[in-house]
Amino acid sequence: MDRAEIKYLKKIEKKRFKSLDRTKISLAGEVLIFSLLAAMITALASYFVLKNHVDERVGEQRMGLADRLTQDIVTTIRGYPAYEWLLGYWFIHSDGMDVHYSQSEETDKKARDFSRRHPGLVIDDVRTDEIVELSMEDQKEYAEIVYDRMIALLNQLKVIYEPSYLSILLMDQTYDKGTFLVSGASPDQKRGSDYSDAYVIGVTAESTPEQKSSMMVAVTGGRSMEESGDYIDSFGYVQDILGGMHVMVGVTYDISEVRGDAQTQIKSMIMIFTLLQGILAFALFILVYCIAVRPIGEIQRNVWDYRGNKDSGPVLKKLSRIKLKNELGALSADVSDLIVSIDEYVTEIRDITAEKEKIEAELSVAKKIQADMLPGRFPAFPDRNEFDLYATMDPAKEVGGDFYDFFFVDEDRICLVIADVSGKGIPASLFMVNSMNRIRNQAIRGKSPSRVLETVNEELCRENESGYFVTVWIAYVDLVTGKGVAANAGHEHPVIRRKGGVYESVVYRHAPAVAIMEGMSYEEHEFELHPGDRLFVYTDGVPEATNASEELFGEERMLQSLNSNGKDSLRELLPDLKKDIDAFVGDAVQFDDITMLGFEYLGTDRSEK
């Protein structure tokens, strides 16, 4: 036994006796003084517990209401196809707009005149491209109509749900200063620029540090909630416009009055029950001390003896002397059974741990072998400057069923492959190796992508007793002309980005996966890349990555991530996308392999000629 172990055992022993002594003294003291303090302690404890509970309930109710209001208003704003144009117009032309801060008869007349002049346009469905074709007067009138409708909606919501403040505002890039665009008002509330007023359009105000922090959270997560003292602030993020200014929806509730009424009722209730609680508590503690504390102390000592020296023999012998016929006797017998079970469990854990370590070592070796089979050195072809290429594979388990591959089929054509085997673990990885080798062998023989898939499908179907299948996307790219041909066997649609453009999915009908049934034929799709164009292909582990709320990452978030990092090199782009996936998933378990491959065509002197 080394010095550290001896020191640890002494520490445990010291804690053991200290715990027993402290328990004996504290119980005796509680029995002695509890009758004098029970009523006061119960009153204070009950008051603070109920007060906190009521405060939390009031806060939760108002938070829930504020959150729903925020979401509804954000949804209403985004319901207008041209909402970005409207918000920008209201901000830029706030001084020149003729607004009535309600949906008046004049607003309705404006709407009828607008619809009569433009019979093909529905006010709620007008798009930005349709608005910009209108005259400046019509644009102004349309903005005023929608503004008055939005004012009317916020006024109505303020009357129904009674928030203290209800606004749509435009924050600067640093969230320090905001301009109020739309503010709801109750019928008896004055409009103006004072703090107690319902703000008119164009009023500016400084944000507090708490509001600033909450708005930053809302921009990241869509909405946020902040409780500061007697106020609850809810912010919903709408859109960034005008070069990075943030459009927010703000809802504020003052909950001080509601909490005050609830606390008055709590005080009255506490006074009624205090005396009776004190008497009953005193009698109960005396009884528990006499018939329970002493036997439990004996059981506790034996448990600590076992914990300290791990010798179950003497402990079991002492516990067997407790002959009580009530629950404490049953507890003593249960503790004895538990000690026996612990001894058996420790022995079993030792055996399982040894076996687990052996399996983990074997899986680690398998993972290293699988990683070495995939091309992993980048740049993959340092002597070729016609393209850039980068790929990654993150298995859900120690070994996975996804794979990618790339190789030259002749001097000027490169083959790109990405695939996803059904299932996970070692069986899927073995099927993956088989599929990968067969695809490469058929491709380097000069077969077209469709013929490669057809041949591999026949070969795998003949030997597929396990019932696995594999989705495959395979393409040849001519590095001189930039022309390519691809075949897709049930795989995710590829993504393309033209030089200077954005990443977009290329959607077309594809055939079933490989190894499902014999006799399948696969269609080919031609495409052409120009210098600076990029291809991005991936497995379903990317869009189907799931967070703790069981939400999917999805294709839309994937494209947003790619476009937000569009200026990155491929070596930066793929890790940045993986970081966004990890941030979305959080602590949730990764259930599927995540594999990605990026290809950028750079062109050659021959292609330019």
Requested in this report: Evaluate the side-chain proximity of I232 to M225: yes if any heavy-atom separation is below 4.5 Å, no if none is.
Outcome: yes

Query raised in the report: Do side-chain atoms of N565 reach the backbone of D568 as a donor and acceptor pair under 3.5 angstrom?
Result: no

Query raised in the report: Would you find a donor on one side and an acceptor on the other, under 3.5 Å apart, between the side chain of R497 and the backbone of G532?
Result: yes

Query - Pair F536 + Y503: ring centers closer than 6.0 Å - result: no

**Report entry** Shortest non-hydrogen contact between Y390 and L574, atoms and distance
**Finding:** O-CD2, 3.6 Å

Query - Which atom of L552 lies closest to which atom of P543, heavy atoms considered - result: CB-O, 3.7 Å

Query raised in the report: Would you call H493 and W473 a side-chain contact if the rule is heavy atoms closer than 4.5 Å?
Result: no

Query - Side-chain donor-acceptor pair present, T174, D172, cut-off under 3.5 Å - result: yes

Query raised in the report: Which atom names give the shortest non-hydrogen contact between N464 and A515, and what distance separates them?
Result: ND2-O, 3.4 Å

Query raised in the report: Is K579 paired with D582 through a side-chain N to carboxylate O contact shorter than 4.0 Å?
Result: no

Report summary line: Note: R78 and V238 closest approach over all heavy atoms is NH2-O, 2.7 Å

Query - Candidates F469, Y522, Y468 - the one meeting side-chain contact (heavy atoms from CB on, under 4.5 Å) with V514 - result: Y522

Query - Heavy-atom check, side chain of F408 versus side chain of R413, under 4.5 Å - result: no

Report summary line: Rounded to the nearest 0.5 Å, the OG atom of S234 sits from the CD atom of Q71 at a distance of 8.0 Å

Query raised in the report: Any side-chain heavy atom of E463 within less than 4.5 Å of one from N434?
Result: yes

Query raised in the report: Does K483 come within less than 4.0 Å of E528, counting only side-chain N to carboxylate O?
Result: no

Query raised in the report: Strictly by modelled atom types, are N441 and R445 linked by a side-chain donor-acceptor pair under 3.5 Å?
Result: no

Query - Rounded distance (nearest 0.5 Å) linking atom OG of S213 with atom CG of D233 - result: 11.5 Å

Query raised in the report: If you measure only the distance, is there a donor-acceptor pair under 3.5 Å linking the side chains of K578 and T392?
Result: no

Report task. Establish, from distance only, whether the side-chain atoms of D420 and T539 form a donor-acceptor pair under 3.5 Å. Result -> no

Requested in this report: For the pair F406 and F378, name the ring-plane relationship: parallel under 30°, tilted 30 to 60°, perpendicular over 60°.
Outcome: tilted

Report task. Search all heavy atoms of G603 against all heavy atoms of P531 and return the closest pair with its distance. Result -> CA-CG, 4.1 Å

Query - For the student: nearest non-hydrogen atoms of A545 and F584, plus distance - result: O-CE2, 3.7 Å

**Report entry** H530 ring center within less than 6.0 Å of Y601 ring center
**Finding:** no

Query raised in the report: Between H525 and H510, is the gap from one ring center to the other below 6.0 Å?
Result: no

Query raised in the report: Have E555 and S505 got a donor and an acceptor in their side chains that come within less than 3.5 Å?
Result: yes

Query raised in the report: So, S448 versus E524: side-chain donor-acceptor pair below 3.5 Å or not?
Result: yes

